[in-house]
Amino acid sequence: MEHQIIEEDITKSTKRGFAKITRKLLFWLIFIINLFNHLDHGAIAACTTYLMTELNLDHADLGIVGSLVYLGLTCGASLAGMLFSAYTPKWIVSISIIASCIFLYSLTDSTSMLGLCFSRFCCGFFQVFSMIYFPVWVDQFGVFEDRTLWLSFLQLGPALGTMLGYAIEAIGVRQFENWRFGFLFQCIALISSTIIFFLTPDKFFSRNYKRTNLTRKLIQEKATPSIELYNKYNVKNGNKYERLSDFSIYELNEEEEKNSTFNYFKTMKDLYNNKIYFYTLSGICCLLFIITGIEFWITDYMTTLLHQNADKVYITFAIVCITAPTLGVLIGGYIIGNLGGYTDKRALQTCYHFSVIAGCCGLPLPIVNSFWLFTTLMWFTLFFGGSIMPGLTGILLSSIDEDSKEASNSITHFCYNLIGYLPAPVLYGIVCNITGGKESRWGLVMLMSFTLVGMYCLKTAKDSQENVDIIQGSDLSIINR
């Protein structure tokens, strides 16, 4: 009997070890898909001159083309929450990626402004589903001790993918004189990796959430959740909160849990009332607005206003935008991890200080004429901007109820796209057209002014958090004051 028990323990331990290894391999597959998913964002920036020439576009037209993909992301994010609450995430992600590849291919066949705009919109619409789900998967199913590091790597996806796409497209337009090269490469890479993702067993995408000790205790007693009962166990376990009524307790009756319906608008209201979530999200949106504008327009800015040749700009900008955000995300994630992870109160404080440094480096950019000084300041702006992303992303995820993380994260991405990504390319183009066309610096002035708004938002979020207790390792780690 004793020998049988030992064998069962060994079997269970082996299975757990195998599952852990599989989850690690699955994460790296997700990382690769996330990276490939952003190649077109860099490719479109590298072929702006060719598009303007071939399709006879001006700055405003090109800005619209650049923004339409983010309009598609916004529309897709508005539907993602309801789809993820109704269907299996693996199927949604796989189908959406294949659909985005179809429209990427149609983009390469576009010969008019209308066709280009339609393809870019549809690409964005279908790309957003994987962008929403992957951080949620890491937070829910990632290896616990690696979650902060994994989120840091996920944050590298947009930066590395964009600049890899930029580099691949630069090779295509300079060596083969073909602006379609980068987009075709992305189609092949995404389809190949998505097939492997789809063949992964469903159990690694289970929707059974981890529960707190309190939840399990109440389930065993078949109790009805209430603030008083929660307070009883809360005090017993030595945990203190300012306002217990702000918590969304898990549904404890299994029948009710199965029959529960996701209330999308209630979730939006809850997120809006969460000061830490709201101002942290606003700060991220400002950062994304700045980075998107830089990525899309900086090649044109450097060649026109700093009077540099295209080859020098391609190489320099590729090096800056690969090394700066990458090192920023890795070092920022490492620092946040050593402070106790994104559930620690000091994480938001550290992110605020990084944002101040990024702002100090970015604000002088419009008045700098030296190419190398401009490049150096831009490098530090992107470095410190990247360093705040792992911590802020984790803070947002940990402030969302476990039962609605996929849906809430879709609202988060809706705001990313509507406020952060979408307006930057088109607003920059419009401002330049109004203030002098190609020779205008006011587009960059407009972009850099948002560093001040971002700093204010993170300062407000930090102040809102000062009297809030953080419970490390718990799903209820950030409490709304």
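Since this is a predicted model, take the numbers as computed values, not measurements.
- Taking the six-membered ring where tryptophan is involved, the planes of W150 and W137 are essentially parallel, since the angle between them stays under 30° and well short of 60°.
- Looking only at side-chain heavy atoms (C-beta outward), I196 and I33 stay at 4.5 Å or farther from each other.
- Y301 pairs by the ring pair (Phe, Tyr, Trp, His ring centres under 6.0 Å) definition with F374, not counting sequence neighbours.
- With hydrogens and angles left out, the side-chain atoms of Y456 and S282 include no donor and acceptor closer than 3.5 Å.
- Closest non-hydrogen pair, Y279 versus A461, comes out as CB-CB, 3.7 Å.
- Looking at heavy atoms from C-beta onward, F121 lies in side-chain contact with C75 at the 4.5 angstrom threshold.
- For residues 116-125, the pairs satisfying salt bridge (charged side-chain N to carboxylate O under 4.0 Å, His left out) are D40-R120, with sequence neighbours left out.
- The shortest side-chain heavy-atom distance between L281 and C285 falls under the 4.5 Å cut-off.
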Show which side-chain atoms of residues 419-433 pair as donor or acceptor with protein atoms under 3.5 Å away, not counting sequence neighbours.
none

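- With contacts defined as side-chain heavy-atom distances shorter than 4.5 Å, the pair F380/I357 does not qualify.
- Using a 4.5 Å cut-off on side-chain heavy atoms (C-beta onward), L348 and L392 make contact.
- Atom CD1 in I44 sits 7.0 Å away from atom CH2 in W179 (nearest 0.5 Å).
- For residues 187-199, the set of pairs meeting the side-chain hydrogen bond (donor to acceptor under 3.5 Å, both in side chains) definition, not counting sequence neighbours, is empty.
- Of the inter-residue distances, the one linking C187 atom SG with R180 atom CZ reads 13.0 Å to the nearest 0.5 angstrom.
- Counting only residues at least two apart or in different chains, side-chain hydrogen bond (donor to acceptor under 3.5 Å, both in side chains) contacts with residues 312-331 comprise Q308-K312, T323-W379.
- Residues R441 and T435 form no side-chain contact, since every pair of their non-hydrogen atoms from C-beta on lies 4.5 Å or further apart.
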Kindly list each side-chain donor-acceptor pair under 3.5 angstrom involving residues 158-168, sequence neighbours excluded, with atom names and distances?
unit_1, atom_1, unit_2, atom_2, d
T162, OG1, P158, O, 2.6
Y166, OH, T299, OG1, 2.8

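- Of all the heavy atoms in I290 and L447, the pair that sits closest is CG1-O, 3.3 Å.
- By the 30° and 60° cut-offs, the orientation of the rings of F118 relative to F103 is perpendicular.
- For the pair T292/H41, no side-chain contact is recorded, criterion being any heavy-atom separation below 4.5 Å from C-beta on.
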